[in-house]
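Okay, so here's the structure we're looking at.
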Amino acid sequence: MSKRKHMPKRNKILERKAGTKPGTLAIPAEAFAPRFFLMSFNEHMFEEVETHTYQELLHKVRSVPDARHWIDIRGYADQAVLEQVMQDFGIHALQMEDVINDYQRPKVEDFDQNRLFIITRMLRWSPEFKTLDDVQLSLFTGPNYVLSLQSDYGDCLDPLRERIRVGKGVIRQRPTMYMAYAMLDVVLDYYFPVMADIGIHIEDLETQVLREPSKATLSQILDLKSELVKLRRITWPERDLMNELLRMDDETIPDSLKVYFRDAYDHAVQLIDLVDNHKEMTSSLVELYMSTVSNRMNEIMKVLTIISSIFIPLSFIVGLYGMNFSHQDPDTGHTLRYNMPELYQPFAYPILLGFMAILILLQLYFFYKKGWFRSF
Amino acid sequence: MSKRKHMPKRNKILERKAGTKPGTLAIPAEAFAPRFFLMSFNEHMFEEVETHTYQELLHKVRSVPDARHWIDIRGYADQAVLEQVMQDFGIHALQMEDVINDYQRPKVEDFDQNRLFIITRMLRWSPEFKTLDDVQLSLFTGPNYVLSLQSDYGDCLDPLRERIRVGKGVIRQRPTMYMAYAMLDVVLDYYFPVMADIGIHIEDLETQVLREPSKATLSQILDLKSELVKLRRITWPERDLMNELLRMDDETIPDSLKVYFRDAYDHAVQLIDLVDNHKEMTSSLVELYMSTVSNRMNEIMKVLTIISSIFIPLSFIVGLYGMNFSHQDPDTGHTLRYNMPELYQPFAYPILLGFMAILILLQLYFFYKKGWFRSF
Amino acid sequence: MSKRKHMPKRNKILERKAGTKPGTLAIPAEAFAPRFFLMSFNEHMFEEVETHTYQELLHKVRSVPDARHWIDIRGYADQAVLEQVMQDFGIHALQMEDVINDYQRPKVEDFDQNRLFIITRMLRWSPEFKTLDDVQLSLFTGPNYVLSLQSDYGDCLDPLRERIRVGKGVIRQRPTMYMAYAMLDVVLDYYFPVMADIGIHIEDLETQVLREPSKATLSQILDLKSELVKLRRITWPERDLMNELLRMDDETIPDSLKVYFRDAYDHAVQLIDLVDNHKEMTSSLVELYMSTVSNRMNEIMKVLTIISSIFIPLSFIVGLYGMNFSHQDPDTGHTLRYNMPELYQPFAYPILLGFMAILILLQLYFFYKKGWFRSF
Amino acid sequence: MSKRKHMPKRNKILERKAGTKPGTLAIPAEAFAPRFFLMSFNEHMFEEVETHTYQELLHKVRSVPDARHWIDIRGYADQAVLEQVMQDFGIHALQMEDVINDYQRPKVEDFDQNRLFIITRMLRWSPEFKTLDDVQLSLFTGPNYVLSLQSDYGDCLDPLRERIRVGKGVIRQRPTMYMAYAMLDVVLDYYFPVMADIGIHIEDLETQVLREPSKATLSQILDLKSELVKLRRITWPERDLMNELLRMDDETIPDSLKVYFRDAYDHAVQLIDLVDNHKEMTSSLVELYMSTVSNRMNEIMKVLTIISSIFIPLSFIVGLYGMNFSHQDPDTGHTLRYNMPELYQPFAYPILLGFMAILILLQLYFFYKKGWFRSF
Amino acid sequence: MSKRKHMPKRNKILERKAGTKPGTLAIPAEAFAPRFFLMSFNEHMFEEVETHTYQELLHKVRSVPDARHWIDIRGYADQAVLEQVMQDFGIHALQMEDVINDYQRPKVEDFDQNRLFIITRMLRWSPEFKTLDDVQLSLFTGPNYVLSLQSDYGDCLDPLRERIRVGKGVIRQRPTMYMAYAMLDVVLDYYFPVMADIGIHIEDLETQVLREPSKATLSQILDLKSELVKLRRITWPERDLMNELLRMDDETIPDSLKVYFRDAYDHAVQLIDLVDNHKEMTSSLVELYMSTVSNRMNEIMKVLTIISSIFIPLSFIVGLYGMNFSHQDPDTGHTLRYNMPELYQPFAYPILLGFMAILILLQLYFFYKKGWFRSF
């Protein structure tokens with residue numbers, strides 16, 4: 001549970017000021033300066049550019065009217081730009097608030113005329129610290145563009161960009177909504193290798209628990225469990241989002257695309273299955289840990305008990321013959337013949353040693369019979 | 001679980017007298033004397049006043065017919081006033097009973113003609129004692145007013161009041177229902193910093209569990225868990241309330257406002273997510289605590305076992321050579337040569353010391369091999 | 001779990017004979033002789049009487065045709081009476097069977113023409129033994145009467161009777177269905193002080209667990225938990241019952257009464273909340289108990305370990321110097337100078353004492369450092 | 001969990017051969033030879049007979065055309081008979097497969113014209129071994145008969161048979177569907193005394209846990225829990241079955257009978273309540289057992305700690321004065337006055353005894369103060 | 001949890017590359033070379049053949065136009081073949097992707113005109129390692145064929161093949177959809193013997209836990225639990241699949257076949273019951289294990305405590321009389337008569353031995369009374 005140090009963004013959701021006017025663009029202090037990317041393409045052409053200003057971007061878009069555009073704005077630090085975007089793309093103030101406040105659940109909103117406002121969450125997995133982070137990706141679809149907004153410069157959409165650049169085929173010919181689907185699909189696909197990594201992490205933890213469980217191990221297990229709880233909270237609404245897209249009317253999402261969204265829906269369901277599976281296995285790890293601790297306690301106790309049970313009676317015996325009962329009355333000089341006559345027998349000592357050896361063997365046999373020498 | 005001392009209001013719900021006539025105004029003994037606040041405003045004007053009597057308030061309201069009013073009554077001690085309010089605002093006896101009995105779940109009732117009766121719960125968080133309290137806020141909407149009733153003088157609505165005072169804009173122009181929404185939103189927004197505080201409290205508890213867990217720590221964890229259970233009981237109906245408002249017909253809540261209620265609904269859902277998250281983390285803390293206690297037991301046992309295992313056999317050995325088997329028969333004077341001849345060897349003592357040192361080293365090696373010196 | 005001794009009625013449900021003809025009036029052996037109570041009233045008059053026989057009761061009812069009646073029969077020992085009641089009030093044999101067999105879940109049945117057959121359960125709480133009991137109250141509504149049947153003479157409806165006696169107002173003017181509602185409301189209201197008592201009981205148990213947990217405490221906690229499980233089984237169908245009444249058509253329950261049933265429904269929901277809350281707190285108590293037992297074990301172990309770790313090594317040392325290695329060869333008289341020369345040093349004893357004192361201090365410091373003296 | 005020895009039939013469901021043609025009559029090897037029973041009756045007559053062959057049975061049925069028949073076939077060993085039955089009564093191969101394979105969940109199928117195929121499960125409770133078994137009863141209703149099939153000769157329907165024999169009344173006059181209901185009701189009724197027995201068994205186990213918990217006790221508790229899990233799996237579909245019957249159209253089950261099926265439905269719901277209740281109590285027993293084991297461990301540890309804490313320091317002291325530091329230098333004869341001068345004080349021994357007695361008393365007081373003498 | 005070594009295919013789902021174009025045929029590296037099997041039959045003829053190439057297969061199919069065909073392709077290594085299949089059978093690229101990626105949940109898709117695309121999962125159980133594996137079987141139905149695709153050469157459909165070969169009857173006469181059903185039924189049937197094996201495995205584990213629980217036992221139990229969790233994830237969608245097939249319209253699945261699908265649905269439900277049952281029993285095993293470990297600890301502690309409690313006090317006593325308090329002042333020669341006069345009593349030693357024997361007996365009696373000699 002100590003991972004939170006590496007996750008400064010964790011509690012952002014909680015810093016929301018109570019009582020701010022709904023729909024205010026409360027741009028976070030740490031927001032990045034906006035960068036503007038554009039991909040314009042159709043069956044015949046493809047153009048990719050990063051512009052310096054929003055105006056330049058807009059100009060570019062307008063200069064190629066017969067293409068489809070992926071307008072890609074990263075960083076929210078410039079309020080003027082955001083307000084301009086709202087105006088140019090017909091975005092409601094509350095929607096833009098949702099875009100900026102990076103803690104929305106995945107959702108889809110149908111607005112205007114068959115336009116969609118989609119929020120999905122991109123995963124980030126830090127393999128060293130085994131911590132999960134997730135960043136919001138907001139999409140607005142329009143007749144011939146998809147507008148994507150995100151707070152960070154980096155994302156997991158590069159494979160898609162590459163496909164647009166390289167492949168002349170499918171993606172450049174399909175309607176804009178297909179591009180929106182492709183983005184969602186890429187985002188979702190990125191979850192799978194993360195789950196694979198977590199799976200390996202679980203097996204590592206299992207080995208650790210079985211070999212040498214420490215408090216740190218348990219802490220890691222509980223951390224992982226809490227990450228999986230978080231993941232579960234993200235994946236369920238992703239599924240709902242896909243489901244809602246599936247159930248949209250024909251005009252918003254043409255029937256020919258439904259088969260793709262159905263595929264994405266199936267992936268989301270598999271993802272939930274995986275998360276649940278990992279969560280159950282993590283819970284089993286806690287049980288295994290607890291029982292390992294108990295077993296270890298048992299082993300410790302067995303060592304103590306075996307040693308004590310063997311030597312405490314022996315110590316009594318040798319203590320017995322260390323007593324100073326006098327063979328002679330010091331005052332009268334009479335022999336006290338009943339006081340420890342054993343001490344004066346010629347073979348007393350070897351006999352006693354033998355007796356004690358037999359005792360030890362008997363006890364060892366008893367413990368062996370009880371199965372205490374088998375590793376418990 | 002000792003926090004209840006700081007929460008005298010906790011069991012109020014339970015003091016309900018069995019068999020009182022339904023709809024009776026059973027004003028609690030500790031009710032405050034009513035205070036009357038009024039905010040009247042439209043695009044052009046704004047007036048704020050606290051009046052001494054209800055009649056004065058009513059007079060004020062009637063004197064500005066073309067404004068919207070926030071009539072704000074705090075304290076229920078005066079039955080006559082409450083009955084007058086019921087009559088003037090067309091409130092049913094059972095509704096007023098719900099207002100006074102401060103233990104209602106959040107809910108909305110549609111009555112008369114598109115008027116709403118809304119109950120929501122304002123949170124109060126005591127950061128020192130880490131205790132939650134919640135007070136009821138009751139709203140009645142009318143064509144040009146919102147009537148709010150609450151039992152206490154203080155509340156969490158000040159940010160909204162400030163916005164009405166300062167901002168000439170949106171809130172003064174919108175229909176009354178927008179003001180109702182704004183109140184609900186402010187109430188809900190106040191939950192978020194409380195959740196942030198609880199989040200920090202959880203991390204503190206975690207540190208405590210890992211460093212030096214005590215019975216007090218567990219007690220605090222279980223307290224927190226019970227607060228979160230309570231919070232869960234409040235937030236779910238808040239979500240239902242928002243959902244019901246969302247599904248109201250156009251006349252009650254115009255479509256142009258729905259987008260705001262949808263936003264509030266999203267907030268409520270996020271809140272539930274947060275509460276669930278905190279609850280799961282608290283449960284993990286209990287597991288961590290339990291395992292820490294077990295680990296501690298193991299460490300204690302290891303100390304005991306190491307010390308005992310080393311010294312008990314040694315004690316036996318030294319006891320052995322403390323035995324008094326006689327070298328000489330006291331009666332005959334014969335030498336008993338088999339009785340502890342070791343005692344009379346010239347280097348017996350140093351050899352024994354060396355033997356015991358080796359024994360100690362062997363045992364230490366054994367325990368080291370077993371990993372008992374690693375902090376478990 | 002030992003409370004069952006005080007609850008001889010507990011298993012009554014289980015004594016049902018397999019294979020009895022459905023609809024048979026299997027009057028239980030311990031049934032009370034029936035007593036007959038009648039309240040007749042309208043806006044203008046009020047009459048209350050206990051009659052000796054059922055015939056007398058019926059005669060009374062018929063003699064005041066323009067009043068509403070609460071016919072109140074307690075005790076089922078007389079089969080003839082019950083059969084007469086079935087005939088006079090048009091009650092089906094299976095319904096009467098349900099009335100007599102005191103283990104029905106709360107339910108409502110709509111039969112004949114807008115007549116209702118309602119079963120609800122009155123709570124009984126024994127504050128000394130902290131045990132819950134619940135008795136069935138069966139209601140049949142008719143155009144101008146409510147017929148109530150119960151197995152015991154005592155019940156929790158007295159506050160309602162008092163209200164009918166005293167208040168000339170509401171209840172005497174409203175339709176019969178309002179009286180049915182009033183009964184259900186009184187029954188439900190009685191749950192709240194019981195819950196308050198249980199709340200106090202939980203706090204007592206908590207104090208007990210924290211101060212001096214004993215096996216008896218745990219037994220009490222588990223008893224309470226099982227009572228709350230039972231209570232949950234009763235309150236859920238009570239809510240369903242209210243819900244079903246709410247959804248009845250206008251003719252059965254006029255719209256003007258719906259607001260009252262909605263209020264009762266809200267109460268039932270609050271009740272479920274309370275029961276759930278108490279149940280979760282009880283579960284927390286079990287966790288607290290378990291951890292207290294573990295802590296106690298830790299404390300015991302610490303005492304043992306501290307004492308043993310300090311004195312076992314010391315015992316070894318003193319044992320060491322209790323050995324009898326001889327300073328002189330008994331046969332030759334040669335001095336064996338390497339055999340325990342320490343014994344013959346002038347300051348050996350005080351030096352050893354000092355050494356042992358330092359050892360003790362070192363160990364105490366070690367345990368102090370480990371935090372073992374802090375109460376765990 | 002060792003009860004399975006007494007339940008050879010448990011895994012029958014698992015012996016189903018993969019890949020057998022669906023609808024094949026795979027008669028189990030241990031099937032009994034069929035026996036044929038017939039009850040024919042109407043208001044005026046009653047006849048009961050066991051026939052030797054199926055043909056004889058059929059002949060009997062046909063000879064009394066104006067009666068209702070309960071055709072009761074027990075044992076499935078004769079495939080020819082079963083196939084004849086399928087043909088004569090219009091039973092589908094898959095239905096007959098369901099009849100023979102004794103592991104179907106309770107269900108109802110509506111086929112042909114208003115005919116029903118009902119599967120229910122009869123309980124068998126072995127009071128000595130506290131084990132549950134359940135056998136399948138299959139019913140086919142027809143216009144004037146009910147055909148019941150079961151694999152065993154014995155069942156729990158005897159009370160119903162007795163009622164038909166004795167009572168001239170209701171059951172002989174009602175339509176066939178009433179007889180089907182009566183069978184289901186008798187089957188269901190038999191669950192209640194079993195539940196009563198289980199309740200008593202739970203109380204016994206509780207006493208055992210509190211008095212002298214052993215591994216056998218826990219094993220019994222877990223056995224019972226697993227039986228209750230199984231029972232839950234049976235009772236839920238029984239309720240669904242009743243519910244489906246309740247929702248059947250008028251022609252299949254006339255309205256006048258619905259009230260009976262509603263009653264049976266209520267019984268099924270109560271049964272589920274009882275099973276759930278027993279299950280929760282059993283879970284509480286496990287908790288109680290676990291805590292009793294912990295308590296016992298605590299008590300053992302207390303005994304050990306008290307004894308050790310008292311005697312280990314005392315042993316050190318007596319060991320101290322058993323040391324052999326010499327009062328005299330053996331070589332020079334000088335007195336070594338600092339070596340254990342206590343040994344030569346006149347009252348040293350009695351003083352030491354007194355000191356040790358005080359030490360014991362102090363320790364006892366310390367443990368008393370800690371509450372260790374109270375039974376934990 | 002160590003079984004994963006035997007299951008190299010486990011994480012295949014996780015190896016999906018993020019960002020691959022949806023619908024790409026990403027053939028796994030370890031795919032087998034395709035083999036082509038064909039069964040053609042109708043009431044009059046039957047032909048079975050394995051062809052070398054896909055073209056040959058297709059030619060075979062076309063040469064018998066009036067038969068029904070089971071086209072059975074195993075192994076996905078040849079992309080060209082797969083693409084040809086897609087074209088010839090009108091299969092969508094996403095469907096073929098689902099076929100190849102062997103980690104789909106069971107599902108059914110209705111496409112084209114009443115054609116079905118069904119994915120089900122065939123179980124594989126390794127009885128030695130007690131591990132489950134599951135392989136995907138994909139079916140496409142057409143007017144007169146069923147096309148089945150699977151990644152491995154072996155499967156569990158041989159019993160069905162045998163039935164087609166041998167039985168002239170039912171399966172050769174029925175519509176193609178019946179063959180699809182038969183396949184699903186065979187797949188499902190194979191689950192039952194696996195469940196039987198698991199049931200036996202559970203009983204073995206139980207015996208192991210009761211006799212000699214080891215860490216390996218727990219590990220096996222948790223492994224099994226995790227297999228059952230996986231099984232649960234497969235069986236639920238199998239049931240949904242059957243349910244969806246049941247609810248298909250008449251043209252896709254004729255009514256006359258519905259009865260078979262209903263039967264398969266029942267089997268799926270029973271399967272879920274079995275899995276749940278096994279899962280609950282496995283959980284009980286964990287509880288049993290935990291408590292066995294606790295019991296064992298108790299037994300160890302009892303041995304330690306009995307031995308220590310008996311001998312530690314005795315050791316004190318003998319130590320007492322090993323003290324060297326002098327009977328004589330070495331300087332003055334005066335007799336110190338209060339220093340251990342017991343040592344000089346004539347019967348001191350036998351008396352002490354007797355006293356110690358009595359002490360031992362008393363302690364043994366005390367422990368006997370406490371029930372410590374009963375095996376706990």
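In what follows, chains are A, B, ... by sequence order, proteins preceding strands, each numbered from 1. Bear in mind the structure is a predicted one, so any value in this text is a computation, not a measurement.
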Between the NE2 atom in C:H278 and the CG atom in C:D276, the distance rounded to the nearest 0.5 Å is 11.0 Å
Keeping D:D134 on the side-chain end and D:R121 on the backbone end, is there a donor-acceptor pair under 3.5 Å?
no
Work out which heavy atom in C:H327 is nearest to a heavy atom in D:D331; give both atom names and the distance.
NE2-OD1, 3.6 Å
Which of C:I306, C:L218, C:T217 touches chain D most, by non-hydrogen pairs under 4.5 Å
C:L218
Identify which part of C:I300 has an atom lying under 4.5 Å from any heavy atom of chain D, answering side chain, backbone, both or neither.
both
Under a 3.5 Å distance rule, please check whether C:Q363 uses its side chain to pair with a backbone N or O of C:I360 as donor and acceptor.
no
With a 4.5 Å cut-off on heavy-atom pairs, point out which of D:L304, D:D158, D:V259 contacts chain C the most.
D:V259
Do C:S308 and C:T305 have side-chain atoms, one donor and one acceptor, less than 3.5 Å apart?
no
By a 4.5 Å heavy-atom criterion (distance strictly below it), what part of C:L353 contacts chain D: side chain, backbone, both, or neither?
side chain
Taking everything shown except C:F355 itself, do over 12 heavy atoms lie less than 6.0 Å from its CZ?
no
Is it the case that the side chains of D:Y289 and D:Q208 hold a donor-acceptor pair, with the cut-off being a distance below 3.5 Å and no angle test?
no
Which answer fits D:D266, side chain, backbone, both or neither, if we ask what part of it has an atom under 4.5 Å from a heavy atom of chain C?
side chain
Which one wins on heavy-atom pair count under 4.5 Å against chain C: D:P341, D:P330, D:G322?
D:P330
Per-residue tally against chain D (heavy atom, under 4.5 Å) across C:R233, C:M340, C:E109 peaks at C:R233
Among the listed options D:V194, D:V269, D:D329, D:L157, the residue most often paired with chain C at heavy-atom distances under 4.5 Å
D:V269
Under 4.5 Å, heavy atom to heavy atom, which residues of residues 310-320 of chain C contact chain D?
C:F311, C:I312, C:L314, C:S315, C:V318
Heavy-atom pairs under 4.5 Å with chain D: which of C:I221, C:T335, C:I307 has the most?
C:I307
Region of C:Q95 that comes under 4.5 Å of a non-hydrogen atom in chain D
neither
If you take all heavy atoms of D:L188 and D:A264, which pair is closest and at what distance?
CD2-O, 3.5 Å
Could you tell me whether the side chain of D:K225 and the main chain of D:T282 form a donor-acceptor pair under 3.5 Å?
no
Against chain C, label D:R337 side chain, backbone, both or neither, depending on which of its atoms sit under 4.5 Å from a heavy atom there.
neither
Under 4.5 Å from any heavy atom of chain D - which part of C:D98:
side chain
Could you give me the CA-CA distance, side-chain angles and deciding distance for D:R163 and D:V186, then say whether side-chain contact (heavy atoms from CB on, under 4.5 Å) is met?
CA-CA 11 Å; D:R163 251 164 63 207; D:V186 163; 4.2 Å; yes
Ignoring hydrogens and geometry beyond distance, is a side-chain donor-acceptor pair present between C:T120 and C:E238 at under 3.5 Å?
yes
Counting only non-hydrogen atoms closer than 4.5 Å, does C:M356 touch chain D with its backbone (N, CA, C, O), its side chain (CB onward), both, or neither?
side chain
Ring-plane angle category for D:F373 and D:F367, please: parallel below 30°, perpendicular beyond 60°, tilted otherwise.
perpendicular
With respect to chain C, which residue among D:Y191, D:F325, D:Y338 yields the maximal number of heavy-atom pairs within a distance under 4.5 Å?
D:F325
Measuring from atom CD1 of C:I272 to atom CD1 of C:I234, what distance do you get when rounded to the nearest 0.5 angstrom?
12.0 Å
Contact part of D:Q328 toward chain C, heavy-atom cut-off under 4.5 Å: side chain, backbone, both or neither?
backbone
Return yes if a side-chain donor-acceptor contact under 3.5 Å exists between D:Y260 and D:R174, otherwise no.
yes
Can you say whether C:M297 sits under 4.5 Å from chain D via the side chain, the backbone, both, or neither, judging by heavy atoms?
both
